[in-house]
Number of protein chains: 2
Amino acid sequence: MQSRPSAEPPGQPTAGPLAGSASHDDGNDAQAARPSVKDVARLAGVSVGTVSNVLNRPERVSSEVRLRVEGAIEQLDYVRNGAAQALRSGLAPFVGVAVLDIGNPFFTEAAVGMERRLREDGMVMILSSTHADVREENAILRLFEAQGVRGVLLTPAGSDVAAARELAARGMPVVLFDSAARPQGISSISVDDRLGARLAVEHLLDLGHRRIAFLNGPSAMRQSRDRLAGVQEAVSDLSRGRVTLMLVSLPAYTAPAGHDGLRRLLAREEERPTGIFCANDLIAFGAISALNEVGLSVPGDVSVIGFDDVALAGQLSVPLTTIRQPMDELGWHAVELLFDRSGGHRHERFPPELVVRASTGPVPAPAE
Amino acid sequence: MQSRPSAEPPGQPTAGPLAGSASHDDGNDAQAARPSVKDVARLAGVSVGTVSNVLNRPERVSSEVRLRVEGAIEQLDYVRNGAAQALRSGLAPFVGVAVLDIGNPFFTEAAVGMERRLREDGMVMILSSTHADVREENAILRLFEAQGVRGVLLTPAGSDVAAARELAARGMPVVLFDSAARPQGISSISVDDRLGARLAVEHLLDLGHRRIAFLNGPSAMRQSRDRLAGVQEAVSDLSRGRVTLMLVSLPAYTAPAGHDGLRRLLAREEERPTGIFCANDLIAFGAISALNEVGLSVPGDVSVIGFDDVALAGQLSVPLTTIRQPMDELGWHAVELLFDRSGGHRHERFPPELVVRASTGPVPAPAE
DNA sequence: CTGAAAGCGCTTACAG
DNA sequence: CTGAAAGCGCTTACAG
């Protein structure tokens with residue numbers, strides 16, 4: 001997608017200062033080995049166990065000694081060796097997060113919520129994209145496990161959650177993120193995609209639209225299937241008279257895919273839809289731009305509704321009507337769930353929400 | 001910004017399966033301790049050193065033994081303990097990345113490039129937001145150091161890069177990302193913001209605009225100052241006759257800030273600008289939406305140009321003219337620079353690039 | 001080519 | 001309240 005830069009820097013790199021010139025640094029050139037507890041103990045005149053105690057249970061140490069140790073720590077610029085700590089205690093401050101695509105705002109907005117929750121416990125995330133590839137997913141999961149992460153948040157690449165199950169069976173806390181799978185022994189968190197899609201199409205129907213297109217994501221993805229089910233439900237359910245449904249399956253949940261899909265749709269259908277439901281906001285953005293290119297206005301000629309409610313959705317020239325997923329909250333709760341050792345596992349499913357903005361409206365005048 | 005969810009789940013959580021029911025898992029309930037090299041060695045009938053050798057220098061091991069060890073690894077589902085490896089070898093497969101805001105597409109698009117490069121070497125990133133707060137930055141840097149990351153990519157929160165210098169002085173590879181600072185001993189990578197701003201304003205001038213507004217980000221940020229300098233340069237430089245420059249300083253590089261800033265500008269000025277340069281694309285999106293709200297069209301009534309060229313910029317209903325920063329490449333190169341142990345340190349500065357799309361055009365008819 | 005042994009820097013019972 | 005010692009799971013010279 002992005003062009004791959006060649007090995008040499010395309011910029012105008014400026015050579016750095018030559019090594020070896022005098023008065024480089026304020027002392028300390030000699031790449032001194034990092035000080036260890038041993039050094040701190042020596043300087044403070046105590047044992048290493050005591051140093052460890054002021055680090056981990058300061059209340060057990062007399063304040064006089066504590067102060068002395070803290071002084072030594074300060075003076076030596078001591079930073080605890082996390083690897084040793086992790087090895088001994090079995091605990092590292094990491095949570096592994098493997099999502100389909102770091103570039104997708106749905107996941108980055110969720111990551112914001114994850115990070116916020118993680119920081120409360122002094123933890124950080126290792127973030128990785130699986131690119132929806134099961135092999136990459138497996139490799140990343142292995143790496144997470146090897147590094148002794150405290151838990152794993154995973155958006156499964158496929159419908160196969162075997163890797164996650166095995167991980168969980170080995171004792172690793174795992175939460176499936178944006179997955180409707182409900183394997184036993186693993187918590188999961190998601191939004192009800194089917195309901196969301198239903199709400200979207202019902203909104204279009206309520207506005208009087210009877211020629212409706214659905215620009216869906218890759219049909220192999222669970223999200224796509226669920227949303228399609230919701231669409232069909234809405235259309236057939238209420239026996240609202242004749243509704244024409246046009247389906248387009250896109251290769252990706254991206255704006256360019258939405259753009260191209262819309263063009264294809266227009267080329268294919270004799271009578272164009274008056275309402276379009278896009279399986280996510282990015283697709284909607286692309287579709288709207290394609291619509292404008294051929295001289296159709298939104299919502300004057302065609303109504304468009306998205307899915308997700310990414311940060312930008314409400315702040316564009318024609319603010320997007322969409323189905324809101326509370327990404328930030330989802331991320332926050334995913335972490336919460338990960339550390340909820342209160343026994344059983346849970347499957348949380350958040351309700352999506354219709355957010356009506358400017359991109360949808362009544363069917364234009366020359367209706368049937 | 002985002003609403004903070006309460007502790008109880010707002011969804012409709014389904015209780016997980018009760019613990020203790022029979023035939024839960026396929027064996028292996030007993031939370032078996034992870035197998036170690038020792039277990040592998042025992043099963044394969046070799047020493048732990050040999051196991052380590054097949055892991056790290058398989059060519060030194062006879063293929064017969066290697067096969068046996070690999071079989072044992074397979075059979076036990078052995079996963080190497082990364083903490084022990086890191087402790088012993090001093091190397092963890094992590095790079096710490098501390099950016100101002102994970103929610104900002106500029107950084108996430110850069111993170112995509114970083115990740116791509118990192119993966120080539122089997123490494124992953126620990127990603128954290130400093131929220132442009134120096135204290136958070138310090139805490140994160142400490143944590144990175146404690147965890148023995150292989151290097152740190154940092155977007156400095158303030159103009160003060162002391163923390164980064166100290167880190168580097170202790171031997172940690174550090175690259176300043178999107179920073180124009182050139183401290184000795186630290187490489188840096190950035191785009192020439194001043195030139196970018198200059199290109200943007202020159203584009204507006206070339207189109208004939210003489211009433212130009214600049215919606216800038218927070219004035220404390222280096223990026224803002226550099227871009228302002230570029231704007232002023234362009235305006236004063238070429239003595240292109242009278243140019244009226246209106247400056248607005250926004251509290252953040254976000255769409256809502258751009259929206260509000262535009263409204264304020266319109267309220268304040270008697271004669272509105274015909275061209276607006278926004279210090280990033282998000283601000284531009286917000287500004288365009290505010291413009292549309294008051295019935296002004298882009299570029300019919302007002303031209304708008306952004307900065308960054310985020311993924312969405314070209315895919316909106318009115319594709320945004322902008323100054324392109326090659327985020328993905330910047331990220332890729334930042335990692336490259338981090339591991340470039342070829343001696344000195346470098347300061348790479350990429351040239352920004354004008355991307356003309358639909359949001360800018362000639363001055364509208366009722367010109368002066 | 002393989003094994004025995006030391007040691008990375010911590011933490012954690014266990015004595016005192 | 002403090003110290004001595006064992007050990008977490010690896011890797012790495014060093015012998016053989």
Open item on the list: From NZ of B/Lys38 over to C1' of C/dA5, roughly how many Å is that when rounded to an integer?
Closed with: 13 Å

TODO: Quickly work out the A/Leu67 CG to D/dC1 P distance and round it to whole Å.
DONE: 15 Å

Less than 4.0 angstrom between a side-chain N/O of [X] and OP1 or OP2 of [N], yes or no?
X	N	value
A/Gln85	C/dG9	no
A/Ser47	D/dG3	yes
A/Ser62	D/dT2	yes
B/Asn81	D/dC10	no
B/Ser36	D/dG9	no

Protein-nucleotides 13-16 of chain C N/O pairs closer than 3.5 Å?
none

Open item on the list: Categorize B/Val65 for me: base, sugar-phosphate, or nothing, with a 4.0 angstrom heavy-atom threshold over every strand shown.
Closed with: sugar-phosphate

Per-pair distances, 0.1 Å, donor-acceptor, side chain in residues 66-73 of chain B, under 3.5 Å, sequence neighbours excluded:
from    : atom 1 : to      : atom 2 : distance (Å)
B/Arg66 : NE     : B/Pro58 : O      : 3.4
B/Arg68 : NE     : B/Ala44 : O      : 2.9
B/Arg68 : NH1    : B/Glu64 : OE2    : 3.4
B/Arg68 : NH2    : B/Ala44 : O      : 3.2

- [ ] Please tell me which of B/Arg60 and B/Ala84 maps to the more 5' nucleotide of DNA chain C, matching each residue to the nucleotide holding its nearest heavy atom.
- [x] B/Arg60

Open item on the list: Pick the closest DNA chain C nucleotide for B/Thr50 and for A/Tyr78 by heavy atoms, then say which residue is nearer the 5' end.
Closed with: B/Thr50

Open item on the list: Ignoring hydrogens and geometry beyond distance, is the side chain of A/Arg88 in donor-acceptor contact with the base of D/dG7 at under 3.5 Å?
Closed with: yes

TODO: Identify whether the distance between the nearest side-chain nitrogen and carboxylate oxygen of B/Asp328 and B/Arg116 falls below 4.0 Å.
DONE: yes

Open item on the list: Identify the stems formed by DNA chain D, where each pair is Watson-Crick or G-U wobble with both distances under 3.5 angstrom and a stem is at least 3 consecutive pairs.
Closed with: C:1-3 with D:14-16, C:5-12 with D:5-12, C:14-16 with D:1-3

Open item on the list: Nearest 0.5 angstrom please: B/Glu120 CD to B/Phe339 CZ, how far?
Closed with: 11.5 Å

